[in-house]
Amino acid sequence: MLSTRLISRSAARPALRSTPIVSSSVLSRWSRGYASSSEEKDLIIIGGGVAGYVAAIKAGQEGMKVACIEKRGTLGGTCLNVGCIPSKSLLNNSHLYHTILHDTKNRGIEVGDVKLNLANFMKAKDTSVNGLTKGVEFLLKKNGAEYIKGTGSFVSENEVKVALNDGGETTLRGKNILIATGSEATPFPGLEIDEKRVITSTGAIALEKVPESMVVIGGGIIGLEMASVWSRLGSKVTVVEFLGQIGGPGMDTEIAKAAQKILKKQGMDFKLNTKVLGGDTSGEKIKLQVDAAKGGKEETLEADVVLCAIGRRPYTGGLGLENIGMELDDRGRVIIDSEYRTKIPHIRCVGDATFGPMLAHKAEEEAVAVVEYIKKGYGHVNYAAIPSVMYTYPEVAWVGQNEQQLKESKTPYRVGTFPFSANSRAKTNMETEGMVKMLADPETDRLLGVHIIGPNAGEMIAEGTLAMEYGASSEDIARTCHAHPTLAEAFKEAAMATHSKAIHF
């Protein structure tokens, strides 16, 4: 695990400075996405995704001469364009649709003829994406960071060549260079991705009709989120997962079992401990051969659409890393030290292209830290307090260690849980599935992990993350007043159950 340098919170902060004035000539060049001059930059960033654009904004705020190179034509990377943001639009609106179809009658609301307009459904998603990507462009302008539309590659240790999207090329020279090229979907061997019938998450947010049936290869967060969308819209979805639980190894096993039970009740089928042997796309239906992961009877699954969601891999192709002798590990990740430096000290790397969980918020934290290392000589990311969220319904969120990890490491722990069925706000909302689970050190009572499945879990986990960041005990949380009636009271009650006993259960 990469070590981190903890920085005192009382460290002196730089004086605030006024927003840089952006001239009309710079704005004109900005609109075309061209490099302004051949002057040496303090920082060149290759990649305008979450890590890249955040680093560009932070560097601009620090008064650095910075250029951000992005080939997509819009900033925000996978997250804003084809990942986190559009998928959440589809998840939210499909949940509304599903609720209107199946749940309003129980709430005393009679609804007439309900229809799905898939074109407008997708348009709502695109509107959200376009607004946010334009907002990011504005923030780069506001902070004096130059945005160059093109493909960057290393010429030498200080020079980056850019093939401009509008034609031609330019070369930039930088004192520091940051690799923030992100990741791409890992293809499934033997299945050719066409983003129509055999799709990745990119195709899953842009289908032109609701498929009658869908098989999802991979029961991790991305696979389950996209499975939720299309299941709610009417597709018969089967999830095939090689491991024995959904959600990936980071999700607590008890929580994962609860999530699977709820999603199955919503209409999804699951085949765990199952491997896909191959597929045939020649017919009207796609045929997948599957088998028990540990050996067993083969069977064939048929589907109109197959979603490959077996993970993501670092994207470093075409960077010209061979020109500077850059080292990659056996998983294709750029090798870095504790200050994000590669073997060439002034070239650093953050985000999905290097170690750690492929999460947008992790990349953001690293982007800020790397600029601080360059400018001030110190930075900080606490990798023990990075939350994860699965935006199914109900949501699943966690931070810190799970119960199986503590068992494997033989770490003593105490556990406390509280169900949403005993929470007053959850009952009034008629959303009572799930629970809050806490793990704490039995001697010091320090929080070791927080795991939530239930309504608003993705927001509630922020309290757990803050508690982990500051080394809080379960008693600290239990003795903190929470407003009534709120879902967050379940968080307090779980802490009470961990420290002593819950009141309302």
Side-chain angles (χ1 to χ4, degrees), residues 87 91 95 201 215-229 231-232 237-276 290 292-294 307 309-312 357-359 386-409 411 413 415-421 426 431-440 447-461 464-465 468 490-491 494 497-498:
S87 67
L91 281 159
H95 176 58
S201 56
V215 170
V216 179
I217 306 175
I221 291 177
I222 294 174
L224 293 174
E225 288 183 352
M226 290 297 95
S228 292
V229 169
S231 175
R232 293 167 188 168
V237 177
T238 301
V239 177
V240 180
E241 170 56 48
F242 183 80
L243 300 177
Q245 72 166 59
I246 63 172
M251 188 180 291
D252 185 87
T253 297
E254 183 180 10
I255 299 293
K257 288 179 179 177
Q260 183 183 340
K261 183 178 179 181
I262 294 169
L263 293 175
K264 185 173 178 60
K265 190 166 62 174
Q266 293 174 6
M268 288 188 218
D269 284 336
F270 293 90
K271 289 186 175 295
L272 304 185
N273 294 305
T274 302
K275 59 184 176 182
V276 177
V290 302
K294 297 180 180 179
L307 167 60
I310 58 173
R312 298 182 65 81
M358 291 183 172
L359 297 169
I386 296 178
S388 294
V389 183
M390 184 170 76
Y391 296 89
T392 51
Y393 180 81
E395 293 177 349
V396 180
W398 66 92
V399 65
Q401 298 178 83
N402 58 42
E403 195 166 358
Q404 58 264 33
Q405 289 169 337
L406 293 173
K407 287 179 179 178
E408 288 169 5
S409 64
T411 301
Y413 66 93
V415 61
T417 63
F418 189 83
F420 281 103
S421 59
E431 297 178 324
T432 57
E433 291 181 307
M435 65 175 172
V436 181
K437 176 178 182 177
M438 289 190 184
L439 303 162
L447 212 57
L448 299 174
V450 178
H451 304 268
I452 310 172
I453 177 171
N456 222 36
E459 302 295 336
M460 203 179 302
I461 200 63
T465 306
M468 293 283 293
F491 194 90
T498 307

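The first residue of the sequence shown is numbered 1, and numbering continues consecutively from there. The figures that follow rest on heavy atoms only: side chains count, while hydrogens, waters and symmetry mates do not.
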Does some side-chain heavy atom of [Y] sit less than 4.5 Å from a side-chain heavy atom of [X]?
{"X": "K271", "Y": "V239", "answer": "no"}
{"X": "E431", "Y": "F420", "answer": "no"}
{"X": "E403", "Y": "T253", "answer": "no"}
{"X": "V216", "Y": "E241", "answer": "no"}
{"X": "L359", "Y": "S388", "answer": "yes"}
{"X": "Q266", "Y": "T392", "answer": "no"}
{"X": "P249", "Y": "Q405", "answer": "no"}
{"X": "L447", "Y": "M438", "answer": "yes"}

Exercise answer: donor-acceptor pairs, residues 450-459 side-chain atoms, under 3.5 Å, sequence neighbours excluded:
unit_1, atom_1, unit_2, atom_2, d
H451, NE2, Q401, O, 2.8

### Message
Using every non-hydrogen atom in the two residues, find where N402 and L439 come nearest and quote the distance to one decimal.
### Response
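Scanning both residues, the minimum pair turns out to be C-CD1, 3.7 Å.
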List in chain and number order the residues that pass side chain to side chain contact (heavy atoms under 4.5 Å, CB included) with [X], two or more places apart in sequence or in another chain; answer none if no residue qualifies.
{"X": "K261", "result": "none"}
{"X": "N273", "result": "none"}
{"X": "P387", "result": "H361, V399, I461, T465"}

### Task
Go through the structure and list residues passing side-chain hydrogen bond (donor to acceptor under 3.5 Å, both in side chains) with E225, not counting sequence neighbours.
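Expected list: K88.
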### Task
Rounded to the nearest 0.5 Å, what's the gap from CG on L224 to CD1 on I246? Could you check?
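Atom-to-atom, L224:CG and I246:CD1 are 5.0 Å apart.
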### Task
For Y393, check ring pair (Phe, Tyr, Trp, His ring centres under 6.0 Å) against everything at least two apart and list the hits.
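Here the qualifying residues are H95.
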